[in-house]
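See below for the structure under consideration.
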Amino acid sequence: MEFIKVTEQKEQYVALVELNRPKELNALNHQLMQELLAALQQLDKNENVRVIILTGNEKAFAAGADIKQMADKSAMEMLMIDSFSTWDQIRKTKKPIIAAVSGFALGGGCELAMMCDIIIASETAKFGQPEIKIGTIPGAGGTQRLTKALGKAKSMELILSGRFLSAEEAVFYGLAVKVVPVEMYLHEALTLAKEIAQMSPVAVQLAKEAINRSFETQLDEGLAFERKNFYLTFASEDQKEGMKAFVEKRKPEYKGK
Ligand code: DAK
């Protein structure tokens, strides 16, 4: 892989996926996105991985889709290339993904961070959907996910003006869970990843699925979905182990079964 670097921390059940196109501020070209999808699909199947951290570098998580690659395309070319299918498949990753964001997370970069499950921000993080400045609009979920996270007024301000959102604001609005000094953002993401990796992978996956369902359904339907996943945990060895360990006052050992 040229633009994606994967490092597994086997004892911790955590994998670090780094976007690695630093000269272009990790601009997301087709090859990078395809490599990212391939990496996530492999990690999703890898029993030694329970949580994935997605990151860039200190200067940029990703400054957007590759403008140079898009600039001359016609609408029909864009339609036929259909790179959205890559994005749609990334969204189907079952394991939790923590985005560790430092520097620019703009356009497609912000959308990619928002497709992850949790965002940890360094104090230098700048989120934004500045597509309006280059004569277009967000195309990979920005108008929807940003609005769900920030509400209408703030999203309108950001998307219509192209302004950026600081790390503190991102936490204030609930887009990111935490802002930490730049030298700590990966460490912070890893600490959270390790904590989640100690839980039952079955329960984590079913919980992630149920939370995501809340964005797509009315309450009644969401509650029914949650209930089915709740029952399903009782078919796992992990649930038996978790409750038994509680009763026996010991630490559970989850196997993801
Ligand atoms: N695309 C291509 N190259 C980029 C880039 C980008 N989005 N962002 C930065 N670069 C490149 C610059 O061109 C420059 O390359 P050289 O000129 O050195 O060859 C290098 O990275 C360093 O950038 P700067 O010299 O500009 O660095 P500065 O620190 O001065 O400025 C900046 C940093 C982030 C403020 C600036 O680079 C900037 O404004 N970048 C563009 C931000 C932006 O407009 N992002 C939104 C792009 S549109 C889709 C999925 C998603 C999308 C569309 C379709 N499908 C699935 C079909 C999403 C669209 C977008 O994201």
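Counting starts at 1 for both ligands and their atoms, following the listed order.
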Legend entry - Contact check, P130 vs ligand 1, heavy-atom distance below 4.0 Å: yes
Inset, instruction - Go through ligand 1 atom by atom and flag the ones less than 4.0 Å from a non-hydrogen atom of G107. - result: 46 (C), 61 (O)
Legend entry - Path from M115 to L165 over hydrophobic side-chain contacts below 4.5 Å: yes
Legend entry - Side chains of E8 and N48, donor plus acceptor under 3.5 Å: no
Inset, instruction - Flag atom 45 (N) of ligand 1 as yes if some protein heavy-atom distance to it falls below 4.0 Å, otherwise no. - result: yes
Inset, instruction - Would you confirm whether any non-hydrogen atom of the protein falls under 4.0 Å from atom 30 (O) of ligand 1? - result: no
Legend entry - Identity of the nearest option to atom 42 (C) of ligand 1, non-hydrogen atoms only, from A60, G64, A63: A63
Legend entry - Electrostatic pair K178-E188, nearest N-O below 4.0 angstrom: yes
Inset, instruction - Provide, to 0.1 Å, the distance between atom 5 (C) of ligand 1 and the closest protein heavy atom, together with that atom's residue and name. - result: A27 CB, 4.0 Å
Legend entry - Side-chain ion pair, K244 and E253, N-O less than 4.0 Å: no
Legend entry - Protein residue, atom and distance nearest to atom 36 (C) of ligand 1, heavy-atom basis: L25 CD1, 4.6 Å
Legend entry - Under-4.0 Å salt bridge between R163 and E157: yes
Inset, instruction - Under 4.0 Å from a heavy atom of I67: give me the atoms of ligand 1 that qualify, with their elements. - result: 1 (N), 2 (C), 6 (C), 7 (N), 41 (C), 44 (O), 47 (C)
Legend entry - Closest approach of any protein heavy atom to atom 38 (C) of ligand 1, naming residue and atom: L106 CD1, 4.9 Å
Legend entry - Ligand-residue contact atoms, ligand 1 with G108, heavy atoms, under 4.0 Å: 58 (C), 60 (C), 61 (O)
Inset, instruction - Do me a favour and list the nearest non-hydrogen protein atom to atom 57 (C) of ligand 1 with residue, atom name and distance? - result: S83 OG, 3.2 Å
Inset, instruction - For E226, look at atom CD and say whether over 12 heavy atoms of other residues, nucleotides or ligands are found less than 6.0 Å away. - result: no
Inset, instruction - Going by heavy-atom distance to atom 48 (S) of ligand 1, choose the closest among E131, R21, K133. - result: E131
Legend entry - Among T191, V180, L16, side chain to side chain contact (heavy atoms under 4.5 Å, CB included) partner for L186: L16
Legend entry - Residue H187 excluded, over 12 heavy atoms near NE2 under 6.0 Å: no
Legend entry - Protein residue, atom and distance nearest to atom 12 (C) of ligand 1, heavy-atom basis: K68 NZ, 4.0 Å
Legend entry - Nearest-contact summary for atom 53 (C) of ligand 1 - protein heavy atom, Å: M70 SD, 3.8 Å
Inset, instruction - Answer yes or no for atom 21 (O) of ligand 1: protein heavy atom present at a distance under 4.0 Å? - result: yes
Inset, instruction - Determine whether any heavy atom of K59 lies closer than 4.0 Å to an atom of ligand 1. - result: yes
Legend entry - Which residue and heavy atom of the protein sit nearest atom 52 (C) of ligand 1, plus the separation: A65 CB, 3.5 Å
Legend entry - Sub-4.0 Å heavy-atom contact, K23 with ligand 1: yes
Legend entry - Donor + acceptor pair across side chains of E35, Q31 (<3.5 Å): yes
Inset, instruction - Applying side chain to side chain contact (heavy atoms under 4.5 Å, CB included) between M114 and each of Q144, R145, K148, report the one that passes. - result: R145
Legend entry - Minimum-distance pair of heavy atoms, taken over all atoms of I4 and A39: CG2-CB, 4.2 Å
Legend entry - Nearest protein heavy atom with distance in Å, relative to atom 55 (N) of ligand 1: F84 CE2, 3.2 Å
Legend entry - E221 side chain to Q218 backbone, donor-acceptor under 3.5 Å: no
Inset, instruction - Please indicate, with yes or no, if any protein heavy atom is found under 4.0 Å from atom 33 (C) of ligand 1? - result: yes
Inset, instruction - Indicate, as side chain, backbone, both or neither, the part of I134 found under 4.0 angstrom from ligand 1 when only non-hydrogen atoms are considered. - result: side chain
Legend entry - K154 to F127 six-membered ring, cation-pi geometry met (6.0 Å, 45°): no
Legend entry - Contact atoms of ligand 1, heavy-atom distance to A140 under 4.0 Å: 50 (C), 51 (C)
